[in-house]
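Right, one structure below, let's go through it.
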Amino acid sequence: ATTLLTSLNGVNVGLMTFNPDQGGYVLVPMQDIATSRADMISSVNALAAGSFTPLSETLYEAGLYYMGRTVDFGNPASVAASRKPGDPTTYLSPLQASCQNNFIVYLTDGEPTFDSDADAKIQSLVDAKGQSFAGLTGSATCDVETYPPGFSPSGGNCLDDLAQFLFK
């Protein structure tokens with residue numbers, strides 16, 4: 001990750017991490033890599049593995065950040081620079097233009113654990129145009145995932161459905 005951050009130019013980058021129990025939070029707000037490179041690299045180097053991996057809960061929180069919605073799992077840990085000035089309960093969306101490309105990249109062991117506390121919240125999402133989760137994903141509920149032998153996730157059923165919602 002640090003090698004990639006060293007070589008990137010002309011992009012905005014932010015960093016979120018998992019809470020020890022539920023969801024995740026904004027550790028470094030989205031900003032131009034040219035001005036945030038040292039902070040990003042330092043923050044990545046300071047991350048330590050060792051808690052649960054609530055993948056869909058953290059993607060949900062990232063979606064709230066991108067959409068400029070109310071902070072949920074990111075309270076109180078999401079940094080002040082990720083929130084609207086004068087309104088610490090709401091994220092300041094890092095999106096600058098409706099046509100820009102935006103990506104969320106996960107660095108994880110790949111197996112969701114203790115990852116079902118956002119399922120109902122995910123299924124009740126509505127986008128900026130008023131399109132519901134069900135309307136954009138084709139189902140009012142998240143589908144049950146099938147994992148290969150040896151995996152024993154707990155939760156994570158909404159991860160791919162939420163990714164589809166955010167993409168659309």
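Just so it is clear, the model here is predicted, and its values are computed rather than measured.
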Going only through I, L, V, M, F, W and Y residues with side-chain contacts under 4.5 Å, is there a path from L95 to Y60? yes
Hey, which of T137, V126, I122 is the one that makes side-chain contact (heavy atoms from CB on, under 4.5 Å) with F165? T137
Could you tell me whether the side chain of S7 and the main chain of L4 form a donor-acceptor pair under 3.5 Å? yes
Applying the side chain to side chain donor-acceptor pair (under 3.5 Å) test to E61, which of Y91, Y25, Y66 qualifies? Y91
Which distance, rounded to the nearest 0.5 Å, do you find between the CD of Q131 and the NZ of K129? 8.5 Å
Return the minimal non-hydrogen interatomic distance between E145 and G156, and the atom names on each side. CG-O, 4.0 Å
F73 with I104, same ILVMFWY side-chain cluster at under 4.5 Å: yes
Measure up the F114 and F52 rings against each other and bin them: parallel (under 30°), tilted (30 to 60°), perpendicular (over 60°). tilted
Using 0.5 Å steps for rounding, measure from the CG atom of L64 to the CG atom of D72. 6.5 Å
Which distance, rounded to the nearest 0.5 Å, do you find between the CG of L162 and the CD of Q123? 10.5 Å
Might you point out which heavy atoms bring A140 and A134 nearest each other, and give the distance in Å? CA-CB, 3.7 Å
Minimum-distance pair of heavy atoms, taken over all atoms of I33 and G10: CG2-N, 4.2 Å
Does some side-chain heavy atom of Q31 sit less than 4.5 Å from a side-chain heavy atom of N12? no
Side chain to side chain donor-acceptor pair (under 3.5 Å) between Y147 and E111: does it pass, once the steps are laid out? CA-CA 9 Å; Y147 290 90; E111 186 171 313; over 6 Å; no
Does the structure place the NZ or CZ of K121 under 6.0 Å from the centre of the six-membered ring of F133, at an angle of no more than 45° from the ring's axis? no
Check the pair D117, Q22 against side chain to side chain donor-acceptor pair (under 3.5 Å), reporting the backbone distance first and the verdict last. CA-CA 7 Å; D117 288 338; Q22 291 179 310; 2.4 Å; yes
Look up atom CG in L55 and atom CD in E57, then write down how far apart they are to the nearest 0.5 Å. 9.0 Å
Does the S82 side chain pair with the main chain of V79, one donor and one acceptor, at a distance under 3.5 Å? yes
Determine whether L125 and M67 satisfy the following criterion, side chain to side chain contact (heavy atoms under 4.5 Å, CB included), listing intermediate values before the conclusion. CA-CA 11 Å; L125 281 171; M67 294 185 282; 4.2 Å; yes
Side chain to side chain donor-acceptor pair (under 3.5 Å) pairs, two or more places apart, involving residues 33-53: N9-R37, T53-T113
Looking only at heavy atoms, what is the nearest atom pair of A34 and D32, with distance? N-OD1, 2.7 Å
Does Q100 reach the main-chain N or O of A97 with its side chain, forming a donor-acceptor pair under 3.5 Å? yes
Using modelled atom types only, decide if a donor and an acceptor are shared between the side chain of R83 and the backbone of P88 within a distance under 3.5 Å. yes
Looking only at non-hydrogen atoms, find the nearest pair between V11 and V13 and report the distance. CG2-CG2, 3.8 Å
So, does S78 use its side chain to make a donor-acceptor pair with the main chain of V26 at under 3.5 Å? yes
Counting N and O atoms only, with roles assigned by atom type, does the side chain of N19 sit under 3.5 Å from a partner on the main chain of D21, one being a donor and the other an acceptor? no
Report yes or no: do V28 and L107 belong to one cluster of Ile/Leu/Val/Met/Phe/Trp/Tyr joined by side chain heavy-atom distances under 4.5 Å? no
Donor-acceptor pair, D115 side chain versus S56 backbone, under 3.5 Å? yes
Flag side-chain contact, heavy atom, 4.5 Å: L15 against T17: no
Between L166 and L59, does a side chain to side chain contact (heavy atoms under 4.5 Å, CB included) hold up when you go through it step by step? CA-CA 9 Å; L166 292 173; L59 184 60; 4.0 Å; yes
Measure the CZ-CG distance between F18 and L47 for me, rounded to the nearest 0.5 Å. 10.0 Å
CA sep, side-chain torsions, deciding dist, call: V71, T90, side chain to side chain contact (heavy atoms under 4.5 Å, CB included): CA-CA 5 Å; V71 180; T90 306; 5.8 Å; no
Contacts satisfying side chain to side chain donor-acceptor pair (under 3.5 Å) that involve residues 150-168 (not counting sequence neighbours) are none
For T58 against M16, the heavy-atom pair lying closest together: O-CE, 4.0 Å
